[in-house]
Amino acid sequence: PLFANLDEFPFPARDLMPVDKYIMPFFGSEPFVTVIPSRGCPFQCTFCRAGMVWGENARHRSPDNICDEIEDVISKYGIRNVVMMSDTLTLKMDWIMALSKRIIDRNIQIKWIGNSRVDTISLELLKSMKQSGCQLLSFGMESGNQQILDASKKHINLKQTVQGIKWAKEAGIITFGYFIVGLPGETWDTIKESIAFAKEADPDYVNFHV
């Protein structure tokens, strides 16, 4: 059975890794670490492996436990760039709000990025996340064709995506949109719809996966 209380796990043995060697463009030339705040995803998107890997029951670490790990990284390695590796970081809005406020209350000075969904955010939440150090959020936009989204069991609509990107930009968060080319029902016309929708929704970056 999957462990219910993730706070019981020790922090990763980062001393076994050359943590100062890992960089990505969004943090410039500075190193970053990954932190796993939660495991599991209840959504049934047909193209995703998250539920099979981590289970459909989402389990979240406590905000203080996550903050303890981040402070441990800062203390040992001086690294203040964090990738929050949850499949849907904003799945429980009250939890991510609590985490954001805890980072602020403990005066933890970091820059962090994560994955989200356009139907699990609000402008108020995004502003709090930004205040806690959130620099970028990735959204699974997947397709600009509603029928393909529905067939993939994504359970979002195009209006929600446009609104979500708009809110994130208003909060000062960089937006990254992921699209998938080749989902069931895809044609050259629906690919063109996705390209047009990417331009309409206007995230700062896009990635088209095949």
Side-chain angles (χ1 to χ4, degrees), residues 22-28 30-51 53-54 58 60-61 66 70 80-93 95-97 99-100 103 110-123 125-144 148-149 152-183 194-195 197-210:
Y22 293 90
I23 60 174
M24 66 161 50
F26 298 112
F27 298 129
E30 298 177 354
F32 75 97
V33 297
T34 57
V35 171
I36 302 179
S38 66
R39 297 180 181 184
C41 183
F43 293 103
Q44 302 293 312
C45 305
T46 59
F47 51 81
C48 185
R49 88 293 179 257
V53 174
W54 293 120
H60 291 71
R61 294 167 59 186
I66 295 168
I70 295 172
R80 294 180 179 271
N81 301 311
V82 178
V83 179
M84 302 285 192
M85 293 292 289
S86 289
D87 290 298
T88 305
L89 186 65
T90 55
L91 177 62
K92 294 184 177 180
M93 294 175 62
W95 173 85
I96 185 61
M97 179 68 84
L99 174 59
S100 298
I103 293 172
I110 57 171
K111 296 179 181 178
W112 62 271
I113 67 177
N115 288 335
S116 183
R117 282 177 58 103
V118 295
D119 59 344
T120 60
I121 54 174
S122 68
L123 181 56
L125 172 61
L126 292 169
K127 287 181 177 179
S128 180
M129 292 167 66
K130 174 64 177 181
Q131 188 179 353
S132 72
C134 180
Q135 304 294 301
L136 175 147
L137 283 177
S138 300
F139 295 97
M141 299 171 68
E142 321 307 358
S143 175
I148 289 179
L149 287 175
S152 301
K153 300 182 180 180
K154 180 68 182 184
H155 297 304
I156 60 171
N157 61 58
L158 301 180
K159 289 183 178 180
Q160 287 174 311
T161 299
V162 172
Q163 181 66 76
I165 297 295
K166 181 180 178 181
W167 277 342
K169 287 190 171 188
E170 187 175 339
I173 296 174
I174 299 170
T175 54
F176 198 123
Y178 284 99
F179 286 84
I180 301 176
V181 175
L183 290 169
S194 291
I195 295 171
F197 181 63
K199 294 178 179 179
E200 176 191 350
D202 196 28
D204 297 291
Y205 297 92
V206 292
N207 193 336
F208 286 85
H209 293 277
V210 176

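Residue numbers run from 1 in the order of the sequence given.
For the pair S116 (side chain) and T90 (backbone), a donor-acceptor distance under 3.5 Å is absent.
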I would like to know whether K153 and F43 meet side chain to side chain contact (heavy atoms under 4.5 Å, CB included); could you show each step before the answer? CA-CA 8 Å; K153 300 182 180 180; F43 293 103; over 6 Å; no
Before giving the answer on side chain to side chain contact (heavy atoms under 4.5 Å, CB included), spell out for S143 and S194 the whole-Å C-alpha distance, their side-chain angles and the decisive distance to 0.1 Å. CA-CA 5 Å; S143 175; S194 291; 3.5 Å; yes
Verdict with reasoning, I121 to F139, per side chain to side chain contact (heavy atoms under 4.5 Å, CB included): CA-CA 11 Å; I121 54 174; F139 295 97; 3.8 Å; yes
Which is it for K169 and I165 under the side chain to side chain contact (heavy atoms under 4.5 Å, CB included) test, yes or no, and what are the steps along the way? CA-CA 6 Å; K169 287 190 171 188; I165 297 295; 4.2 Å; yes
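The nearest pair of heavy atoms linking L126 to A168 is CD1-N, 3.5 Å. Considering all non-hydrogen atoms of both residues, P203 and A198 come closest at CD-O, 3.4 Å. The two atoms that bring N115 and S138 nearest to each other are OD1-CB, 3.2 Å, heavy atoms only. Contact record, I156 with L149: O-CD1, 4.0 Å, taken as the closest heavy-atom pair. Of all the heavy atoms in V181 and F208, the pair that sits closest is CG2-CD2, 4.0 Å. Contact detail for A58 and H60: the closest heavy-atom pair is CB-CE1, 3.8 Å.
Using bins of under 30°, 30° to 60° and over 60° for the plane-to-plane angle, the ring pair H209/Y178 lands in the parallel bin. The aromatic rings of F197 and F179 stand perpendicular to each other, their planes meeting at an angle above 60°, with 30° marking the opposite boundary. Taking the six-membered ring where the residue is Trp, F26 and Y205 present perpendicular rings, their angle passing 60° and hence far from 30°.
Here OG of S122 is found 5.5 Å from CE of M97. Values are rounded to the nearest 0.5 Å. Distance check, rounded to the nearest 0.5 Å: CH2 of W167 to OG1 of T175 gives 14.5 Å. Rounding to the nearest 0.5 angstrom, the gap separating the CG atom in L89 from the CE atom in M129 is 5.5 Å. Atoms CD1 and CZ, from I36 and R61 in turn, are 8.0 Å apart once rounded to the nearest 0.5 Å. If you take SG on C134 and CD1 on I110, they are separated by 9.5 Å, rounding to the nearest 0.5 Å. Between the NZ atom in K130 and the CG atom in L137 there is a gap of 10.0 Å [rounded to 0.5 Å].
Within 6.0 Å of CE on M85 lie no more than 12 heavy atoms contributed by other residues, nucleotides or ligands.
A salt bridge does not link D87 to R117: none of the charged side-chain nitrogens sits closer than 4.0 Å to a carboxylate oxygen.
Side-chain atoms of W112 and S132 form a donor-acceptor pair, as typed in the model, at a separation below 3.5 Å.
No side-chain heavy atom of V162 sits under 4.5 Å from any side-chain heavy atom of L158.
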